Amino acid sequence: MLDPKLLRSESERVAANLARRGFTLDLAALADLEARRKAVQMRTDALRSERNARSKAIGMAKGRGEDVAPLMAEVDQLGRDLAAAEAEFGPIQAEVDAFALQLPNLLHDSVPEGADETANVEVRRVGTPGTFDFEPKDHVAIGEGLGGLDFETAGKISGSRFVVLKGPLARLHRALAQFMLDLHTTEHGYTEAYVPYMVSRETLTGTGQLPKFEQDLFKLSGERELFLIPTAEVPVTNFARDAILEGDALPMRLVAHTPCFRSEAGAAGKDTRGLIRQHQFDKVELVNLVKPEESYAALETMASHAGAVLEKLGLPYRVLALCSGDIGFGSAKTYDLEVWLPGQDKYREISSCSNCESFQARRMQARFRNAAGKPELLHTLNGSGVAVGRALVAVLENYQQADGSVMVPAALRPYMGGLERLVATVAQRA
RNA sequence: GGAGAGGUGGCAGAGUGGUCGAAUGUACCUGACUCGAAAUCAGGCGUGGGCUUACGCCCACCGUGGGUUCGAAUCCCACCCUCUCCGCCA
């Protein structure tokens, strides 16, 4: 949510910023709404003020043992006027709130201009794609050769966009998550968190998935309204909802490994082959809660934490600054990390690191006590560190051998019982 | 799942219809005393919103949402959450 005062006082400037995203701020509607809100609110407040004063007078008169019938007659019409004013004000306030909740975040000045992903700006490349003296296969073909990558069984039990992993591949998937958690907790200063996978509407409104993107979520049908999390960012960032943290509690760095559930509405026909786009996937998520003046330094650091995962796994990648037209709803600035996939002969997203500034914090009233002792909105950042399923894809494709086997990256071997190479076995082919 | 208790300010904890946004304690800030500190004394000290050049004034908020009433922290209804006991269970 944007600062309502800024929205009112500098609506032209806000509109210009949002226009960079391709979002049109309806200034006329905003001005009209504000004018109505202001008039009705002032009238309602004045009526309430008078009601309060009169009621207080009745109380005092009663205390003195006087007859209060005349006073109560005076206040009779006032009650009806107030009820009418409140009936008018409620819907207007709801309209103001709804208007505010559907506005995306303001972009940071450094965000490159552009309409879509083709205008994203490459910031750096790390590592060099390996060369193969054979035609590299994609992860689906590699997995089929190894056994243990089973879309057919997943289709039978759940439908499309699900996968079953078995044997060494399942273990490699687990090893990747364990490795990432250990790296972030022991070397990057994160505190590990285990969190609920089902969350309330309020929680999803706090991080910005609701009310606008309900069609992307899986909603449960129980008597309580709950949604499956699309990312651990949602439960973890909401740790700070309705809280005033002491200044020395910041920066707070949290990491969580969770499954993520996405309906992928609107992605029909996109990445239908393989593990790239699933309804359920695992991710290790980094969340930073920081003081405002530290948030852009924290964004750089967090992107480097995600990058460190790929570097230790020996996976080549590049970092993109997302352009104004491609950046997410709640983000002021986003870096995507794209890992090299030789089977697709291109870089594919494996991490997204965003600084949401106070956008989420304002929605969830996440604050800290500043140097002056006053509550102030903190800044929230989140980033994948990294997507586990896609990391599995990257390992399979980058470490494939001519004979169909796959070398295990050195960093993962301790998590694989020392195993150095995945080879096809008869049992797993069956 | 059954029975009961309870959700009030940073914390503790009063308050069952009327000058209650809320006693008191504690924490914190300022001042006095002191060489300094402690103790003591005095004052200050919630959040959000609106109006105003300003001083300041007004509104809302006692888990959440409704209701009753001239007036609700207080009464009624629903829901959420916490705790205790029983049952069940990983």
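First the proteins, then the strands, lettered A, B, ... as listed; each starts at 1. Nothing here was measured: the structure is a model prediction, and the numbers come from that model. For the numbers below, each heavy atom of this structure counts, side chains included, while hydrogens, waters and symmetry mates do not.
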Using the P atom as the reference point in each nucleotide, state the distance between B:A37 and B:G25 in Å, no decimals.
24 Å
Tell me what A:Met72 touches on the nucleic acid: a base, only sugar-phosphate, or nothing, going by heavy atoms under 4.0 Å.
base
Reading RNA chain B from 5' onward, which residue's closest nucleotide shows up sooner: A:Ala46 or A:Lys5?
A:Lys5
Taking B:U53 as the reference, what is the distance to B:A60 when you measure between their C1' atoms (whole Å, please)?
26 Å
Could you give me the CA-CA distance, side-chain angles and deciding distance for A:Phe213 and A:Phe329, then say whether ring pair (Phe, Tyr, Trp, His ring centres under 6.0 Å) is met?
CA-CA 10 Å; A:Phe213 305 104; A:Phe329 179 73; 5.2 Å; yes
Rounded distance (Å) that lies between atom C1' of B:C70 and atom CD of A:Glu86:
14 Å
For atom NZ of A:Lys212, decide whether the heavy atoms of other residues, nucleotides or ligands shown that lie under 6.0 angstrom number more than 12.
yes
Taking a pair as Watson-Crick or G-U wobble with both distances under 3.5 Å, which nucleotide is matched to B:U74?
none
Please give the nucleotide sitting opposite B:A42 as a Watson-Crick or G-U wobble pair, both distances under 3.5 Å, or none.
B:U30
Euclidean distance for C1', B:C29 against B:G18 (whole angstrom):
35 Å
Could you please name the option among B:C70, B:G49, B:C80 that lies closest to any side-chain atom of A:Arg224?
B:C80
Nearest to the side chain of A:Arg48, which nucleotide is it out of B:A60, B:C70, B:G50?
B:A60
Partner lookup for B:A54, please. Criteria are Watson-Crick or G-U wobble with both distances under 3.5 angstrom; report none if nothing qualifies.
none
I'd like to know whether CZ of A:Arg80 has more than 12 heavy-atom contacts from other residues, nucleotides or ligands below 6.0 angstrom.
yes
When the C1' atoms of B:C75 and B:A27 are compared, how many Å lie between them, rounded to an integer?
35 Å
Phosphate OP1/OP2 of B:G18 contacted by A:Arg64 side-chain N/O (<4.0 Å):
no
Which nucleotide, if any, forms a Watson-Crick or G-U wobble pair with B:U47, using both distances under 3.5 Å?
B:A60
Whole-Å distance between B:G49 C1' and A:Glu34 CD?
12 Å
Now, which nucleotide makes the Watson-Crick or G-U wobble pair with B:A90, with each of the two distances under 3.5 Å?
none
Which value, in whole Å, describes the distance between the P atoms of nucleotides B:U74 and B:G15?
15 Å
Distance in angstrom units between A:Gln365 CD and B:G63 P, rounded:
19 Å
How many Å lie between CD on A:Gln93 and P on B:G48, as a whole number?
16 Å
C1' atoms of B:G21 and B:G31, separation to the nearest Å
27 Å
Interatomic distance, A:Arg43 CZ vs B:A60 P [rounded to whole Å]:
16 Å
Does A:His379 form a side-chain contact (heavy atoms from CB on, under 4.5 Å) with A:Glu294? I'd like the steps, not just the answer.
CA-CA 9 Å; A:His379 280 192; A:Glu294 295 167 353; over 6 Å; no
Could you give the distance separating B:U26 and B:A78 at their P atoms, to the nearest angstrom?
41 Å
With heavy atoms under 4.0 Å as the rule, sort A:Arg54 into base, sugar-phosphate or nothing.
nothing
Roughly how many Å is it from CG in A:Asp248 to P in B:G10, rounded to a whole number?
17 Å
Identified pairing partner of B:U19, criterion: Watson-Crick or G-U wobble below 3.5 Å:
none
Report yes if at least one side-chain N or O of A:Arg367 is closer than 4.0 Å to OP1 or OP2 of B:G48; otherwise report no.
yes
Reckon A:Ser49 has a side-chain N or O less than 4.0 Å from the OP1 or OP2 of B:C59?
yes
Verify the contact: side-chain N or O of A:Arg369 to OP1 or OP2 of B:A27, cut-off strictly under 4.0 Å; return yes or no.
no
Return the pairing partner of B:C85 with a 3.5 Å limit on both distances, Watson-Crick or G-U wobble; otherwise return none.
B:G2
Mind checking if A:Arg37 touches a base, just sugar-phosphate, or nothing, with heavy atoms under 4.0 Å?
sugar-phosphate
Determine whether the aromatic ring centres of residues A:His257 and A:Tyr194 are separated by less than 6.0 angstrom.
no
To the side chain of A:Asp45, which of B:U19, B:C70, B:G49 is closest?
B:G49
Distance check: side-chain N/O of A:Asn52 vs OP1/OP2 of B:A60, anything under 4.0 Å?
yes
Distance, rounded to the nearest Å, where A:Phe368 contributes CZ and B:U47 contributes P
14 Å
Classify the ring geometry between A:Tyr190 and A:His188 as parallel (under 30°), tilted (30 to 60°) or perpendicular (over 60°).
perpendicular
Do other residues, nucleotides or ligands put more than 12 heavy atoms under 6.0 Å from the CD atom of A:Glu293?
yes
Output the rounded distance in Å from CE (A:Met60) to P (B:U19).
10 Å
Taking the C1' atom of each, how far is B:C88 from B:U64, in whole Å?
30 Å
Would you please confirm or rule out a distance under 4.0 Å between OP1 or OP2 of B:G18 and any side-chain N or O of A:Arg51?
no
Check this one for me: any side-chain N or O of A:Lys38 less than 4.0 Å away from OP1 or OP2 of B:C51?
yes
Given B:G71, B:C59, B:G50, identify the nucleotide with an atom nearest to the side chain of A:Ser55.
B:G71
Regarding A:Pro375, tell me which of base, sugar-phosphate or nothing describes its non-hydrogen contacts under 4.0 Å with the strands shown.
sugar-phosphate
Given A:Tyr317, which partner from the list A:Arg348, A:Glu311, A:Glu349 fulfils the side chain to side chain donor-acceptor pair (under 3.5 Å) test?
A:Glu311
Name the pairing partner of B:A14, where a pair is Watson-Crick or G-U wobble with both distances under 3.5 Å, or state none.
none
Taking the nucleotide of RNA chain B with the closest heavy atom to each, which residue, A:Glu50 or A:Arg8, is nearer the 5' end?
A:Arg8
Considering only heavy atoms and no angle criterion, is a donor-acceptor pair shorter than 3.5 Å present between the side chain of A:Lys56 and the base of B:G18?
no
Considering only side-chain heavy atoms of A:Gln41, which listed nucleotide, B:U19, B:G18, B:G49, is closest?
B:G49
Looking at the rings of A:Phe162 and A:His279, which for Trp means the six-membered one, are their centres under 6.0 Å apart?
yes
Using a 4.0 Å heavy-atom cut-off across all strands, classify A:Arg362 as base, sugar-phosphate, or nothing.
nothing
